[in-house]
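Comments concern the structure below.
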Amino acid sequence: MKKKLFLVAYVLLMGFILFNSENLGQFGTALEYVKCGTANGIPKPVPQMTSIAFTILIVGTPIVLIVFSIIAMVKAISSGNPDDVVKVRGKLLKKIIATVIIFLLAGIARFAINKVATNTSDKNSASKCISCFLYNSNCEQSDSGNDVQ
């Protein structure tokens, strides 16, 4: 029952994000290419789809985890068994920690890449790639691939 409810909530959230997006016209049949750093010829829908998947991961997963945790806590409290409440409270704390880590994932990744990059050119290139693939912004047109019929 929980798996079905989880799946339905996830599909509804994904549908809500997709159908309320104003940029759905970008998923046309004409294939355009973007570049990321030194990589040319990346199909434009790839960053768009990774951006959608990232948004679902960052927004949808914490919401689902917290909602199911609250439901489990209400069930445990209503059962009146103190052992159940203690178990659910421990699971709730672990889920909240996982939620915070998932929510901060992009910032942690960007921080790690900027610390590993040695010069400003690498930092700028990595920063542009992250914003292109995770947020679907700052994607530059590719020099190669756009003329292919």
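Values in this document were obtained by computation on a predicted structure and should not be read as measured data. Count residues from 1 along the sequence.
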_Minimum heavy-atom separation for M73 and L92, please, with both atom names._
CE-CD2, 3.7 Å
Working to the nearest 0.5 angstrom, can you tell me the gap between [X] [atom1] and [Y] [atom2]?
X	Y	atom1	atom2	value
R89	S69	CZ	OG	14.0 Å
E32	Q141	CD	CD	5.5 Å
N136	K44	CG	NZ	7.5 Å
K94	L65	NZ	CG	13.5 Å
C36	I42	SG	CD1	5.0 Å
L134	L57	CG	CG	10.0 Å

_Criterion disulfide (SG to SG under 2.5 Å) on C139 and C132, from CA distance to verdict_ = CA-CA 5 Å; C139 295; C132 178; 2.1 Å; yes
_Would you say NZ of K91 has more than 12 non-hydrogen atoms from neighbouring residues, nucleotides or ligands within 6.0 angstrom?_
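No.
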Hydrophobic cluster membership, [X] vs [Y], 4.5 Å side-chain cutoff:
X	Y	result
I63	F68	yes
V88	I77	yes
V64	V74	no

*Does I101 sit in a hydrophobic cluster with other residues, and if so which ones, taking ILVMFWY side chains as linked at heavy-atom separations under 4.5 Å, directly or through other members?*
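Under the 4.5 Å side-chain rule, I101 groups with L93, I97.
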*F54 and Y135, any side-chain heavy atoms less than 4.5 Å apart*: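 Side-chain contact under 4.5 Å: yes.
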*asked:* Donor-acceptor check, side chain of T55 to backbone of S51, threshold 3.5 angstrom: yes or no?
replied: yes
*For the side chain of T61 and the backbone of I58, is there at least one donor-acceptor N/O pair under 3.5 Å apart?*
no
